[in-house]
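Input: one structure, supplied below.
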Amino acid sequence: MARYNPKEAEPRWRRAWEETEAFKAETDTSKPKYFVLEMFPYPSGRIHIGHVRNYAMGDVIARYKKAQGHNVLHPMGWDAFGMPAENAAMQSGGHPRTWTYNNIAIMRDQLKRMGLAIDWSREFATSDPDYYVHEQRMFLDFWRRGFVERNESQVNWDPVDHTVLANEQVIDGKGWRSGAPVERRTLSQWFFKITDRAEDLLDALDDGRLGSWPDNVVLMQKNWIGKSKGLKMRFHAAGRAPAGFESLEIYTTRPDTLYGASFMAVSPDHPLAAHYAAENAELRAFIAECQKIGTSEEAIEKAEKKGLRLPIEVRHPFVEGKTLPVFVANFILMQYGTGAIFGSAAHDQRDLDFARKYDLDVIPVVLPPDADPATFAIDQEAYTGPGTIFNSDFLDGLPWEEALPKAIARIEEMGDGEGTTNYRLRDWGISRQRYWGCPIPAIHCTNCGVVPVPEQDLPITLPDEADFSAPGNPLDRHPTWKYVRCPTCDDEASRETDTFDTFVDSSWYFARFAAPAPEAPTDKNMADYWLPVDQYIGGIEHAILHLLYARYFTRNMKECGYLNEEEPFRNLFTQGMVVHETYLDTDESKHLKDRWLFPEDIVKKDGQVVHAETGKPVTVGAIEKMSKTKKNVVSPEDIADTYGADAARWFMLSDSPPERDVEWSEAGVEGAWRLVNRIWDTCEGAKGILHQPHLGHLSREMDNADMSMRRLTHATIDHVTGDIESFRFNKAIARLYEFIATARKAVSADTISAPVRAETLSVLARIVSPFIPHIAEECWAHLGGEGLACNAPWPKADKALLATETVTLPIQVNGKRRGEITVPADAGEVEVRKLALSDDAVQRHIEGKQIRKLIVVPGRIINIVV
RNA sequence: GCGGACGUGGUGGAAUUGGUAUACACAACAGACUUAAAAUCUGUCGGCCGAAUGGCCAUGCGGGUUCAAGUCCCGCCGUCCGCACCA
């Protein structure tokens, strides 16, 4: 038998697809459309196994939908702006553009070798001026319509490198390059007013505007938007207060616990803190310490809770004569609410920790159900559950949910506050102080303020010459680029040197794929046909930010008339990540970023992990998602070179459920390779079988071997179709293994008739095609199938062959399996009972005992309780 | 710290969604073919007891609900993702 040679066959079929433009998407309204999109990759350098998993999944869907008769759009492009290009330029002296486009060339080639059913004619990179000119145009549109504003926000500042750091670049409060403790700086930046759409973004998660989205993603988005109903209220200063601070506004979601208030706390960034800091060195030092934590919410919340008391007290709103101390506390976020809270120590864990530390009162006011008010006490654990209010005067005895509106109403009557709706979601800061991004089309003029770049001057492109030798923004220090005339008054002015957050680029790429137009972001008619994306596929790590931003941006685009859709992604599938051990050089004098090692740099022997070249021991780090930064990447090329793209694809999709993370291991790839060969082996002897008119002779009265083969064939079609529809590729593959094993035996032993053989093999070639398209083409052509396998229709299951005549029921005695009976599928319960009780094994276990209960679950199980 | 998930043989995992736990695959072992190896094929394969029909135990740990729990509930432990300037 001639062995299948993927090295020769795979490129041949890829050429055939390319020459016939098999995957080119034409806008054809007579056919149902299907838009499959995987999140496009960042061109980090090389494709890794995680990418293959992602794109193989989308490819199965794309090919399957095409076989089902859909007009499929399956495009590919590059999320090409971003920091790594600039870091690479700084490190090795090249230009970010060169680095990026070289990477794209390599990765495009790697992806093409995987045999993906992609319409490459629609490819673009977000760093192409042809793409980002439209982004700049839309930004001007959004600005005009009031979706954009300038505001202050805080950034991590590296005082040595004089540069803004990403949260990722702040390690233990220090800059990753300089090692200097970071500081917070306040900059004036651009924002998209996403909070204006918070309500709609939230509502759409529930009202059917989304199709099928994973529950956990919907929940994460809801929590992220964080709608809360609460009370914004003012506490009045007790005694003299500095001018402007006679009252302090706080936000709370728990006004029902107002009687439990024992202190008030403001953020270190609160104006009140700043006021006292001017004359208090200790406070200045405390605020400086807080600011060294960095800007990430994670770092702030993980830090030990600390505070400093201010020389001011406030009056309790309800309790005459009671005053509360006011603290500056490091866990209060300025961005949330009003940057100030009242501490309800008994019913909030953070407040309790703080109160215990500074010896403040802990007054329980919510009594858990069944607790005794006389003895109920709080020790180290706050009570945050439901209950009845006590110790609270006019609220006493009310369930807490009734106390909430009552407390709010009282404060409103007193004129000290009002019930409000608050969102955790903050406006989207889109300014980045970097070169390798889309320039923000704005001009700063001393006379006219900030003015938009006139539309005819777009695109604002990046200057080719720039200095990447030092940290900081090369656009800002560029000798000429930013100096321009003001478009309004023609006086000397300067360009905005911030570029867009790369999330802006990825917030509308799907629309550009669907409906590219030369002079506008989209061609409206094409967009109407192709959008929304029918199936979006990507990593769970994007569950919140990217997806939320894209949903927001799409709403803006709709309002500007570029689209008719507000929800870009109809159905979403979030696949698990491919994770791998990380390896670190043990030399701790190096910066962390320079210590990561590639898996191929290390060897494992005798339970020791050492460097492949130097033999020095290596520290094994956490198992994390594959990323260029931590170098824990594995390239698919070795597998593809050895076994072919089909085996690599099959292997990536087999075994693990798509939504679950997988720890990368090559063990098992040979099984995929063996399978590819078995398929060829099964088809090889049947050359041209589909040319012969056998198929007409299939009938339902055939001998047993024929019938059981046909039953399996049609059951396989049925299952695999369902498994693909519901993203259970691993299960589809398990089914296919069984089908192929049986088909192969039947064909080689010649136990089935020619028409059944033809049917079996015809189904085989077509049903494996979405998974392993090259060998499918090879077999299809060999069998004499018409045209290309990728254009062949998906097989249909004959329902009549799916029904079974008998069913085997397990029999349990007291919940333990003791026997089984085989009965006709339509057997009645009485008959089943009789048969079950007369079974020998069952008899042994019920002998001499009284039957208390007999449960028959039709078609499932029988349980006898004795 | 907060939010979201996950945990089943030596390994990846399946279990019709409360109804036969371990399908399918990998690895391992044994055998066939071969001068030999590779490749291929066949068989065994959760643990313990037993010659065997069989029995007991086992789905991270501890409880609970149920005729019946991997699946539902409560409490732990561990791992992963996100936390707004990584993409």
Side-chain angles (χ1 to χ4, degrees), chain A residues 1 3 39 41-42 44 79 81-84 153 155-156 164-170 189 214-217 219-220 222-224 226 295-305 331 335 349-350 353 424-434 501-503 506 539-546 548-549 574 576-577 579 622-625 627-629 651 654-657 659-663 665 667-672 674-675 677-678 681 728 730-731 733-738 741 808-812 814-817 819-820 841 852-855 857 859-865:
Chain A
M1 126 187 116
R3 233 167 128 74
M39 292 177 187
Y42 176 78
S44 56
D79 190 12
F81 276 135
M83 281 205 313
S153 81
V155 293
N156 300 303
V164 176
L165 297 176
N167 285 334
E168 177 191 61
Q169 299 171 315
V170 178
Q189 310 209 57
D215 291 343
N216 61 331
V217 174
L219 190 56
M220 279 192 258
K222 279 184 191 167
N223 290 340
W224 186 259
T295 60
S296 87
E297 199 164 297
E298 181 190 6
I300 292 167
E301 295 222 358
K302 266 189 188 159
E304 189 196 348
K305 283 155 197 61
F331 62 97
Q335 312 97 315
Q349 192 60 47
R350 288 179 307 182
D353 294 343
R424 209 184 73 93
L425 181 68
R426 309 200 294 258
D427 278 332
W428 173 14
I430 51 169
S431 289
R432 298 292 181 271
Q433 294 69 42
R434 298 190 220 296
D501 175 10
T502 55
F503 274 127
S506 56
I540 183 70
E541 70 271 29
H542 293 294
I544 298 175
L545 292 179
H546 161 61
L548 192 65
Y549 291 152
T574 51
M577 274 161 302
V579 296
I623 297 168
E624 294 182 68
K625 74 167 163 170
S627 78
K628 185 101 197 294
T629 325
F651 177 56
S654 55
D655 292 356
S656 281
E659 70 282 1
R660 202 183 294 180
D661 289 350
V662 281
E663 190 179 340
S665 153
V669 67
E670 289 187 13
R674 282 198 285 267
L675 178 104
N677 281 295
R678 281 203 289 264
D681 181 42
R728 292 177 301 206
N730 56 324
K731 289 173 67 180
I733 282 176
R735 289 281 181 187
L736 289 170
Y737 268 111
E738 289 176 280
T808 302
L809 299 177
I811 308 163
Q812 296 180 331
N814 285 349
K816 283 190 194 292
R817 184 178 176 278
E820 60 178 38
R852 306 234 321 257
K853 208 168 179 182
L854 203 162
I855 297 148
V857 184
R860 280 284 150 76
I861 201 166
I862 299 143
N863 193 7
I864 303 164
V865 186

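Fair warning: this is a prediction, and the values are worked out from it, not measured in the lab. First the proteins, then the strands, lettered A, B, ... as listed; each starts at 1.
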Inset, instruction - Nearest whole angstrom, please: distance from the C1' of B:C26 to the CG of A:Asn730. - result: 15 Å
Inset, instruction - Just call it for A:Arg674: base, sugar-phosphate, or nothing, with non-hydrogen atoms closer than 4.0 Å on any strand. - result: sugar-phosphate
Inset, instruction - Applying side-chain contact (heavy atoms from CB on, under 4.5 Å), name anything that partners A:Leu809, two or more places apart in sequence or on another chain. - result: A:Val807, A:Ile821, A:Val823, A:Val832, A:Ile862
Pull out every protein N or O sitting under 3.5 Å from an N or O of nucleotides 3-6 of chain B, one pair per line with the distance.
unit_1 : atom_1 : unit_2   : atom_2 : d
B:G3   : O3'    : A:Asn223 : ND2    : 3.0
B:G3   : O2'    : A:Asn223 : ND2    : 3.0

Legend entry - Minimum-distance nucleotide to A:Ser656 side chain [options: B:G12, B:A21, B:A84]: B:G12
Inset, instruction - Please measure how far the P atom in B:A21 lies from the corresponding atom in B:A68, and state the result in whole Å. - result: 14 Å
Inset, instruction - Report the glycosidic orientation of B:G82: syn if within 90° of 0, anti in every other case. - result: anti
Legend entry - Chi-angle category of B:U17 [syn within 90° of 0, anti beyond]: syn
Inset, instruction - Report yes or no: is there a donor-acceptor pair, N or O only, under 3.5 Å between the side chain of A:Glu541 and the base of B:C86? - result: no
Legend entry - Pairing residues for A:Phe503 by the ring pair (Phe, Tyr, Trp, His ring centres under 6.0 Å) criterion, not counting sequence neighbours: A:Tyr549
Legend entry - Pairwise P distance, B:A84 and B:C77 [rounded to whole Å]: 26 Å
Inset, instruction - Write down the distance between CZ (A:Arg432) and P (B:C86), rounded to a whole number of angstrom. - result: 7 Å
Legend entry - Presence of donor-acceptor pair under 3.5 Å, side chain of A:Asp655 and base of B:G13: no
